[in-house]
Amino acid sequence: MNFSQLVRQHTAALRALLVLTVIIGLAYPVLIWLIAQIPGLRANADGSLVQADGKVVGSSLIGQSFTDADGNPLPQYFLSRPSAGNYDPLATGASNLGPESIVDAPDKPSLLTLICERSNTIGELDGVDGSRPFCTGGGVGAVLSVIGPRDARGNVVNPTRVVSVNEPCDTTQTPFLDTYEGVRVECRQPGEDYSIGQIVPIRGSAPADPAVPADAVTASGSGLDPHISVAYADIQVNRVAAARGVQTDEIRRLVAENTDGRVLGFLGEPTVDVLALNTALEKLTSGG
C-alpha cells in the first residue's frame, strides 16, 4: 500500500467519524429533545415534577419519605412504603434479602426481623394490630435453633438445647417462647454460633391476614415506588385526620380522589399516589 492510498483511507475514516458524530452526537439528541418539548410530553420528559405553591415538591414517579430530621414519621402525612435505598434514584434497588433470610446477623437484621419491626411500628403509630405470623411480640423474627441428635431426614429428635436466635440476652431475658418440646428456650448469647442447630420458625397465634398490609412492611424492587395499597392508606386515615383536626370522611374523600385504578382496567390492584395525596392534604388544611 502506497502513501496516497493510506491517506485516502484515513481521510475517508475521518469523514465517516465527523458525519456520525454530527448525526448521532448532535442531531439525534437535539431531535429527541425537541420531540420531548411537544405539549403533552414535556412534563414527562422533565421528570414528571409535582409542584405546590409554585415549588417543586417531588416527582410523581419517585416515592419519598415523610419523616422528620431524625427519621421519625410525621403523623400529619400519609407514609410511603419502605425503601431499601431511602428513595435515592442513584441507589435504586432491592435489599437482596429473600424468604430464607430469617436469622439476624450480629450487625444486620434479617428480612423477617425487618418486617416484624416495621409491622410493630406501624401498628403502634396507626393504632392497629401490628402482629404477624412468625414474629415475636417484641418485633423480631420468632426463630429457634434446636440443638440435639438428628434422624435420617435431618430433623432434631429429643432436643437438648433450644435458643431464640433473634432475641439477644442483652435486650431480653425472657424469650418469646417458654419451652419447646419440653426444653426451656434460651435467649441468644453474644458471640455464640447456633448454626449447628436446626432452624425452626414459629408461626405463633397472629392472624393469617395481618391488619398491617404487606406493602407497608416490604420495599419495592426499585425502592422508588410512589404508590401504596388502598389497604395501607386506609389504616392511616384516622391518624392523619387526628393530626390535622379534620373529619375522617374528608380524608377518605381525598384518598379516593388520589387512587389510581387497575392498569387497563384489569391488571394489578388500585393504588394510592402518596405524594399527590399529601399535596392535596396541604391544600385542604391550608385553605388553598
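These numbers come from the heavy atoms of this one structure, side chains and all, not from hydrogens, waters or symmetry mates.
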Checklist entry - OH of Y180 to CD1 of I202: how many Å apart, nearest 0.5 Å? => result 5.5 Å
Checklist entry - With side chains defined as the heavy atoms from C-beta onward, is the minimum distance between P133 and P210 less than 4.5 Å? => result yes
Item to check | D126 (side chain) donor-acceptor with V128 (main chain) under 3.5 angstrom | outcome: no
Checklist entry - Where do P149 and T160 come nearest, in terms of heavy atoms and distance? => result CD-CG2, 4.4 Å
Next on the checklist: Run T271 and I228 through side chain to side chain contact (heavy atoms under 4.5 Å, CB included) and show every step you take.
Outcome noted: CA-CA 6 Å; T271 55; I228 59 175; over 6 Å; no
Next on the checklist: Surrounding CD1 of I196 (heavy atoms of other residues, nucleotides or ligands, distance under 6.0 Å), is the total greater than 12?
Outcome noted: no
Checklist entry - Between the main-chain N or O of V103 and the side-chain N or O of N166, is there a donor-acceptor pair closer than 3.5 Å? => result no
Checklist entry - Between T113 and D104, is any side-chain donor less than 3.5 angstrom from a side-chain acceptor? => result yes
Item to check | Main-chain N/O of L254 paired with N258 side-chain donor or acceptor, under 3.5 Å | outcome: yes
Checklist entry - So, R161 and E192, do they make that salt bridge, N to O below 4.0 Å? => result yes
Item to check | Expected output: side-chain S164 to main-chain P175 donor-acceptor under 3.5 Å | outcome: no
Item to check | P213 versus A231, closest heavy-atom pair with distance | outcome: CG-C, 4.0 Å
Item to check | S80 and F66, any side-chain heavy atoms less than 4.5 Å apart | outcome: yes
Checklist entry - Mind checking whether H227 and D260 have side chains closer than 4.5 Å, heavy atoms only? => result yes
Item to check | E269 bridged to R262 by N-O distance under 4.0 Å | outcome: yes
Next on the checklist: Are the side chains of I251 and F78 in contact, using a 4.5 Å heavy-atom criterion?
Outcome noted: yes
Checklist entry - Same cluster or not: are V200 and V143 linked, directly or through other Ile, Leu, Val, Met, Phe, Trp or Tyr residues, by side-chain heavy atoms under 4.5 angstrom apart? => result no
Checklist entry - How far does CZ of R184 sit from OG1 of T179, to the nearest 0.5 angstrom? => result 10.5 Å
Checklist entry - Checking side chain to side chain contact (heavy atoms under 4.5 Å, CB included) for the pair V162/E186: CA distance, chi angles, key distance, verdict? => result CA-CA 6 Å; V162 181; E186 310 169 25; over 6 Å; no
Next on the checklist: Taking L125 as the starting point, is it possible to reach L74 by hopping between hydrophobic residues whose side chains are less than 4.5 Å apart?
Outcome noted: yes
Checklist entry - Would E282 and Y77 count as having a side-chain donor-acceptor pair, cut-off 3.5 Å? => result yes
Checklist entry - Hey, are the side chains of V185 and V163 touching, using non-hydrogen atoms and a 4.5 Å cut-off? => result no
Item to check | Qualifying side chain to side chain donor-acceptor pair (under 3.5 Å) pairs with a residue from residues 132-144, counting only residues at least two apart or across chains | outcome: S119-R132
Next on the checklist: What I want to find out is whether R244 reaches E250 closely enough, with some N-O distance under 4.0 Å, to be called a salt bridge.
Outcome noted: no
Item to check | Any side-chain heavy-atom pair of V183 and P159 under 4.5 Å | outcome: yes
Item to check | Straight-line distance of T259 OG1 to R252 CZ, nearest 0.5 Å | outcome: 11.5 Å
Checklist entry - Is there a path from V274 to I235 through hydrophobic residues (I, L, V, M, F, W, Y) whose side chains come within less than 4.5 Å of each other? => result yes
Checklist entry - Could you walk me through whether V212 and Y232 pass the side chain to side chain contact (heavy atoms under 4.5 Å, CB included) check? => result CA-CA 7 Å; V212 179; Y232 187 22; 5.6 Å; no
Next on the checklist: Any donor-acceptor pair under 3.5 Å linking the side-chain atoms of R81 with those of T218?
Outcome noted: yes
Next on the checklist: Is it the case that the side chain of Y194 and the backbone of L144 share a donor-acceptor pair, with hydrogens and angles ignored and the cut-off at 3.5 Å?
Outcome noted: no
Checklist entry - Between the main-chain N or O of S195 and the side-chain N or O of D193, is there a donor-acceptor pair closer than 3.5 Å? => result yes
Checklist entry - When clusters are formed by joining ILVMFWY residues with side-chain heavy atoms under 4.5 Å apart, either directly or through shared neighbours, do V157 and I147 land in the same one? => result no
Checklist outcome for this item: For F134 and L112, the nearest pair of non-hydrogen atoms, with its separation, is O-CD2, 3.6 Å
Checklist entry - So, E257 and R253, do they make that salt bridge, N to O below 4.0 Å? => result yes
Item to check | Whether D129 side chain and G123 backbone form a donor-acceptor pair below 3.5 Å | outcome: no
Item to check | From T67 atom OG1 to N86 atom CG, the distance as rounded to the nearest 0.5 Å | outcome: 7.5 Å
Checklist entry - So, Q198 side chain and V146 main chain: donor-acceptor pair closer than 3.5 Å or not? => result no
Checklist entry - Checking side chain to side chain contact (heavy atoms under 4.5 Å, CB included) for the pair T279/K283: CA distance, chi angles, key distance, verdict? => result CA-CA 7 Å; T279 302; K283 292 180 180 179; 4.3 Å; yes
Checklist entry - Donor-acceptor pair, D151 side chain versus R153 backbone, under 3.5 Å? => result yes
Checklist entry - Under a 4.5 Å side-chain heavy-atom rule over Ile, Leu, Val, Met, Phe, Trp and Tyr, are V140 and L114 clustered together? => result no
Next on the checklist: Rounded at 0.5 Å granularity, tell me how far CG in L111 sits from SG in C116.
Outcome noted: 9.0 Å
Next on the checklist: Can you tell me if D209 has over 12 outside heavy atoms packed within less than 6.0 Å of its CG?
Outcome noted: no
Next on the checklist: Rounded to the nearest 0.5 Å, what separates atom OG in S220 from atom CG in D215?
Outcome noted: 10.0 Å
Next on the checklist: Ignoring hydrogens, what is the shortest heavy-atom contact between G139 and E117? Give both atom names and the distance.
Outcome noted: O-CG, 3.0 Å
Item to check | P168 backbone acceptor or donor facing R188 side chain under 3.5 Å | outcome: no
